[in-house]
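Notes to accompany the following structure.
Each chain gets a letter, A, B and so on, in the order the sequences are listed, and its residues count up from 1.
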Number of protein chains: 2
Amino acid sequence: MDVDDIDRGIVVALQRDARATFAEIGAEVNLSAPAVKRRVDRLLASGAIRGFTAVVDPVALGWSTEAYVEVSYSGVVSPRRLTEDFSGVPEAVSAWTVSGVPDAVVQVQTRDVRHLEEVLQRIRGLPDVTGTQTEIVLSRLFRRTQD
Amino acid sequence: MDVDDIDRGIVVALQRDARATFAEIGAEVNLSAPAVKRRVDRLLASGAIRGFTAVVDPVALGWSTEAYVEVSYSGVVSPRRLTEDFSGVPEAVSAWTVSGVPDAVVQVQTRDVRHLEEVLQRIRGLPDVTGTQTEIVLSRLFRRTQD
DNA sequence: CATGAAAATGTAGCCCA
DNA sequence: TGGGCTACATTTTCATG
């Protein structure tokens with residue numbers, strides 16, 4: 001499947017406002033509303049667009065503490081295994097593996113530092129986890145689309 | 001302004017699917033469509049919901065390299081200054097300050113490793129930047145809402 | 001891909017608890 | 001104050017060309 005410039009324009013418009021009407025998007029990319037809908041459906045089916053989400057201010061919702069936790073394992077762990085491990089932590093917003101010292105990094109969002117400590121204890125209690133190193137976010141400088 | 005459990009339910013529904021209809025959301029939180037709209041409008045006005053965005057698979061759009069760059073500065077730099085610095089880097093998706101060794105962390109999304117190198121050079125060329133340490137994302141394990 | 005019509009949804013006003 | 005209901009405008013959606 002190939003993605004052309006019109007598709008990219010639609011994606012940009014949807015990243016800016018996922019609730020924009022197809023007609024509004026069409027005005028930006030010079031297409032009729034049904035044509036835009038067909039392309040969006042295709043982008044969704046192909047996986048290029050994974051979904052639409054609300055960008056929330058966690059502070060306003062009472063979740064003010066955000067941290068990046070670098071997790072080290074003993075031995076080799078598969079991405080599949082890591083995904084299973086961290087999916088079981090509801091406070092984990094996202095997780096990924098990196099080139100570098102830690103085996104994985106997990107982004108967590110908690111109500112406060114006490115709550116973060118509890119999450120860290122749970123992560124450290126996972127099988128084969130040898131250690132964690134945590135960077136608490138002091139100030140979110142900016143966030144372009146999704147973070 | 002206070003956010004109650006119904007608001008939180010609406011937020012959860014919108015994070016899962018930002019293009020859900022107000023009636024669909026209402027069915028989840030036991031409210032009529034107009035009532036849901038009023039609450040969403042209020043959450044938007046108060047800033048609790050900052051907007052709606054498409055969650056995109058960068059790989060499918062030809063942007064396959066993602067990295068977290070830890071940036072160190074000489075001396076003290078204000079968050080305002082950091083925001084200005086990194087806003088000028090289009091490839092920077094998000095940036096934040098952390099408790100720990102680096103002064104700031106920048107998430108960047110590039111087409112490939114060559115493009116990443118170019119971005120790193122630009123960041124290292126910023127005034128007072130003393131060094132960077134980069135973790136390239138090997139595999140994105142999961143992403144709950146926005147990342 | 002555009003057009004046009006039918007169905008679904010968004011939106012505002014009004015009344016009630 | 002906040003939610004339901006009604007009515008009208010807009011949008012989605014599917015047919016057709």
Would you kindly give the [atom1]-to-[atom2] distance between [X] and [N], to the nearest whole Å?
{"X": "Asp41(B)", "N": "dA12(C)", "atom1": "CG", "atom2": "C1'", "result": "11 Å"}
{"X": "Ile10(B)", "N": "dG3(D)", "atom1": "CD1", "atom2": "P", "result": "8 Å"}
{"X": "Arg42(B)", "N": "dA12(C)", "atom1": "CZ", "atom2": "P", "result": "17 Å"}
{"X": "Asn30(A)", "N": "dC1(C)", "atom1": "CG", "atom2": "P", "result": "12 Å"}
{"X": "Phe22(A)", "N": "dA7(C)", "atom1": "CZ", "atom2": "P", "result": "20 Å"}
{"X": "Glu24(B)", "N": "dT12(D)", "atom1": "CD", "atom2": "P", "result": "13 Å"}
{"X": "Arg19(A)", "N": "dT9(C)", "atom1": "CZ", "atom2": "C1'", "result": "10 Å"}

Matching residue for Glu91(A) among Gln107(A), Gln109(A), Arg122(A) - test: side chain to side chain donor-acceptor pair (under 3.5 Å): Arg122(A)
Which nucleotide in the set [options] lies at the smallest distance from any side-chain heavy atom of [X]?
{"X": "Lys37(B)", "options": "dA2(C), dC14(D), dA12(C)", "result": "dA12(C)"}
{"X": "Ala35(B)", "options": "dG4(D), dG10(C), dC5(D)", "result": "dG4(D)"}
{"X": "Pro34(B)", "options": "dG10(C), dC5(D), dG4(C)", "result": "dC5(D)"}

dG4(D) base / Arg38(B) side chain donor-acceptor hit below 3.5 Å: yes
Touch class at under 4.0 angstrom, heavy-atom based, for Arg39(B) against every strand present: sugar-phosphate
Thr65(A)-Arg114(A) side chain donor-acceptor pair, cut-off 3.5 Å: no
Arg8(B)/Asp5(B) salt bridge by N-O under 4.0 Å criterion: yes
Leu138(B) with Val113(B), same ILVMFWY side-chain cluster at under 4.5 Å: no
